[in-house]
**Student:** 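First the structure, which I've put down as structure tokens, then a few questions once you've had a look.
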Amino acid sequence: MDKKSSAYLVLDDGRIFEGLSWAKEGETFGEAVFSTGMTGYQETLTDPSYHKQIVIMTAPHIGNTGVNKNDEESEKIWVSGFVVRNPSPTSSNWRSEKSLEQELIDSDVVGIQGVDTRAITRHLRDRGAMRVGIFSNTELTKEEMVVRVRKTAPMSGAFLAADVTTKQPYIINPPKGVVTKFKVAAIDLGIKAATPKAMAKLGIQVHVLPLTTTLDQIKELNVDGVFLSNGPGDPAAMVIVVELVRSVLLEEIPFFGICFGHQILGRALGFETYKLPFGHRGINQPVIDLTTGKVEITAHNHGFAVAAPKEVEFHTVYGSGRVSHISLNDSVVEGLEMISIPAFSVQYHPESAAGPHDASYLFERFVKLMENPRIGLKDINA
Ligand SMILES: NC(=O)CC[C@H](N)C(=O)O
């Protein structure tokens, strides 16, 4: 095993954690976010929503099952850096094709190991998400490293979806033996691979389209529904897509949004979005469905949220609606549904990847909405 050099995790408030270099050596910058998932490191690394973020894993042992082609959520690793306590020295899994460290090296991802990830997490919980840098094999002084971190762009106001959206449309068809019943235009703001697969299993032919897609291009496809995906950056920077959603709502085309798509629906309806102190990132987050009273254990990855009124029906130019789901950890809005037009969204990830499948019913809800666009959500959920 080659001897590892010292490495430093440097936060923009001047706090520095010393560890050892891991994966690629060098320096990298991003927003420091922590994920509490015990599994799913490969899905996290390849989720485009983490673009320009450095992810701290609270689970101490990472890399135990190596990496494989099936568990990727996109064609590449999007995180800017990866912070772990104890990378596994072996990869033990029948599907493993490569070690995690080798995959990170091959993907030019700078990592750091041997740092107290729990102390870093507690610090971020107390101080909030902030800019961060990883420096390994560096000649810089600690002061020079802090200065470099403070020169990097913050997440607030960041327009990042253009970096991750598909350049060309592509189609995900239902698997063999599943009849195609609906066609959906999925606007790719950083879509995870598990999402169109979850829809295709229900008989939906998913047309994955670039974020620049227009309403006319959607109407040319003669779709039964429009889907807005997860993705990186600040929803307040997504003006072009907010306008598209408003035109879809006016046409009353059945609409479903996940995570970034939920925030953009919220903004299209006229609500503000705001930055959470340190976000929700993990796969055991309790959310209550206010329609059924059921509690779901869900997968989350979001740093922003929608400021919508929770106790009452709200009224917008597109009709009335309500908050459909809230987090049981901190009461953050986790779902919206319109009553008079066919549109709903959730802040969390019903496609999971990784995480529990408690929320997979939401894809069926989208199918029912396309089957009965005129009756709206209230009757569908009854
Ligand atoms: N996973 C996502 O879609 C994230 C949405 C948004 N970028 C946020 O951080 O809240």
Side-chain angles (χ1 to χ4, degrees), residues 30-37 40 43-56 73-74 78-80 124 128-132 153-166 186-196 198 208 211 227-242 245 256-268 271-283 285 287 298-308 325 327 329-330 332-336 345-355 359 362:
E31 179 188 47
V33 296
F34 61 85
S35 174
T36 58
E43 291 86 340
T44 295
L45 288 164
T46 55
D47 176 352
S49 303
Y50 283 104
H51 181 38
K52 300 288 187 194
Q53 291 180 324
I54 290 182
V55 181
I56 294 113
E73 287 304 309
S74 73
W78 285 100
V79 304
S80 300
L124 293 174
M130 62 181 82
R131 289 168 298 179
V132 66
M155 184 55 72
S156 293
F159 177 73
L160 302 177
D163 300 343
V164 303
T165 190
T166 182
I187 307 300
D188 176 6
L189 306 178
I191 198 165
K192 289 168 65 184
T195 307
V208 183
L211 76 87
F227 173 77
L228 206 51
S229 84
N230 63 291
D234 184 340
M238 299 299 288
V239 177
I240 173 180
V241 184
V242 167
V245 170
F256 178 30
I258 287 178
C259 210
F260 211 25
H262 160 83
Q263 294 165 359
I264 291 167
L265 174 64
R267 294 190 70 86
F271 298 118
E272 283 305 316
T273 49
Y274 63 99
K275 196 142 188 337
L276 294 167
F278 45 82
H280 294 179
R281 291 177 186 85
I283 57 178
Q285 310 244 350
V287 167
T298 57
H300 289 225
N301 166 23
H302 65 106
F304 294 89
V306 176
H325 297 74
S327 164
N329 281 342
D330 56 12
V332 163
V333 170
E334 293 289 340
L336 295 171
S345 65
V346 286
Q347 177 67 75
Y348 55 98
H349 288 263
E351 82 287 352
S352 301
L362 290 161

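Note that the structure is predicted; figures quoted are calculated from it, not measured. For ligands, and for the atoms within them, numbers begin at 1 and follow the listed sequence.
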**Student:** Atom CG of Asn329 and atom NE2 of His280: how far apart are they, to the nearest 0.5 Å?
**Tutor:**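 Asn329 CG to His280 NE2: 6.5 Å, rounded to 0.5 Å.
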**Student:** Could you state the interatomic distance from NZ (Lys192) to OG (Ser229), rounded to the nearest 0.5 Å?
**Tutor:**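 The distance works out to 10.5 Å.
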**Student:** Consider only side-chain N and O atoms of Asp47 and Asn301, and report whether a donor and an acceptor are under 3.5 Å apart.
**Tutor:**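 Asn301 and Asp47 do have a side-chain donor-acceptor pair below 3.5 Å.
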**Student:** Hey, does Asn230 come in under 3.5 Å of ligand 1, counting only N/O atoms on both sides?
**Tutor:**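 Among all N and O atoms of Asn230, none is under 3.5 Å from an N or O of ligand 1.
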**Student:** What's the shortest distance from atom 2 (C) of ligand 1 to any protein heavy atom, and which residue and atom give it?
**Tutor:**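 Looking only at protein heavy atoms, the one closest to atom 2 (C) of ligand 1 is Cys259 SG, 3.0 Å.
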**Student:** Just to check, does His349 reach to within less than 4.0 Å of ligand 1 when the distance is taken from its heavy atoms?
**Tutor:**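 Contact present.
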**Student:** Strictly under 6.0 Å, is that where the ring centroids of Phe278 and Phe34 end up?
**Tutor:**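 Yes.
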**Student:** List every atom of ligand 1 that sits less than 4.0 Å from any heavy atom of Gly303, numbering the atoms from 1 in the order shown and giving each element.
**Tutor:**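 Counting atoms of ligand 1 from 1, those under 4.0 Å from Gly303 are 8 (C), 9 (O), 10 (O).
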**Student:** Out of all atoms in ligand 1, which are within 4.0 Å of some heavy atom of Ser49? Include the element for each.
**Tutor:**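 So the atoms of ligand 1 that pass are 1 (N), 2 (C), 3 (O).
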**Student:** Show which atoms of ligand 1 fall inside a sub-4.0 Å distance from at least one heavy-atom site of Pro232.
**Tutor:**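 Checking each atom against Pro232, I get 7 (N).
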**Student:** Under 3.5 Å, N or O to N or O, is Gln347 touching ligand 1 that way?
**Tutor:**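 No; every N/O pair is 3.5 Å or more apart.
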**Student:** Using a 4.0 Å heavy-atom cut-off, say whether Met155 meets ligand 1 through its side chain, its backbone, both or neither.
**Tutor:**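 Under 4.0 Å from ligand 1, Met155 contributes no heavy atoms.
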**Student:** Go through the side-chain N and O atoms of Glu334 and His302 and say whether any donor and acceptor fall under 3.5 Å apart.
**Tutor:**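 On atom types as modelled, these side chains qualify, holding a pair under 3.5 Å.
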**Student:** Taking distance alone, with N or O pairs closer than 3.5 Å, would you say Gly233 contacts ligand 1?
**Tutor:**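 There is such a contact, yes.
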**Student:** Please report the interatomic distance CG(Asp188) to OG1(Thr195), rounded to the nearest 0.5 Å.
**Tutor:**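 Going from CG on Asp188 over to OG1 on Thr195, the span is 10.0 Å.
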**Student:** If I apply the N/O under 3.5 Å rule, does Pro235 come out as touching ligand 1?
**Tutor:**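 No: no nitrogen or oxygen of Pro235 is under 3.5 Å from one in ligand 1.
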**Student:** Classify the ring geometry of His300 against Tyr348: parallel below 30°, tilted from 30° to 60°, perpendicular beyond 60°.
**Tutor:**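 Parallel, since the angle between the ring planes stays under 30°.
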**Student:** Can Asn230 and Ser49 be counted as having a side-chain donor-acceptor contact under 3.5 angstrom?
**Tutor:**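 There is such a pair between these side chains.
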**Student:** Can you pull out the closest protein heavy atom to atom 4 (C) of ligand 1? Residue, atom name and distance to 0.1 Å, please.
**Tutor:**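 Protein heavy atom at minimum distance: Gly231 O, 3.2 Å.
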**Student:** Atom 1 (N) of ligand 1: which protein heavy atom is closest, and how many Å away?
**Tutor:**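 Here the closest protein heavy atom is Asn301 O, 2.8 Å.
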**Student:** Quick one: look at Ala305 and ligand 1, take heavy-atom pairs under 4.0 Å, and tell me if it's side chain, backbone, both or neither.
**Tutor:**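 Looking at Ala305 and ligand 1, no heavy atom falls under 4.0 Å.
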**Student:** Kindly identify the option in His302, Gln263, His280 whose heavy atom sits closest to atom 6 (C) of ligand 1.
**Tutor:**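 Going through His302, Gln263, His280 one by one, Gln263 has the nearest heavy atom to atom 6 (C) of ligand 1.
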**Student:** Do ligand 1 and Ile258 have nitrogen or oxygen atoms that lie under 3.5 Å from each other?
**Tutor:**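 It does not: no N or O of Ile258 is found under 3.5 Å from an N or O of ligand 1.
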**Student:** Under a 3.5 Å distance rule, please check whether Gln263 uses its side chain to pair with a backbone N or O of Phe304 as donor and acceptor.
**Tutor:**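 Yes, because the side chain of Gln263 sits within donor-acceptor range (under 3.5 Å) of the backbone of Phe304.
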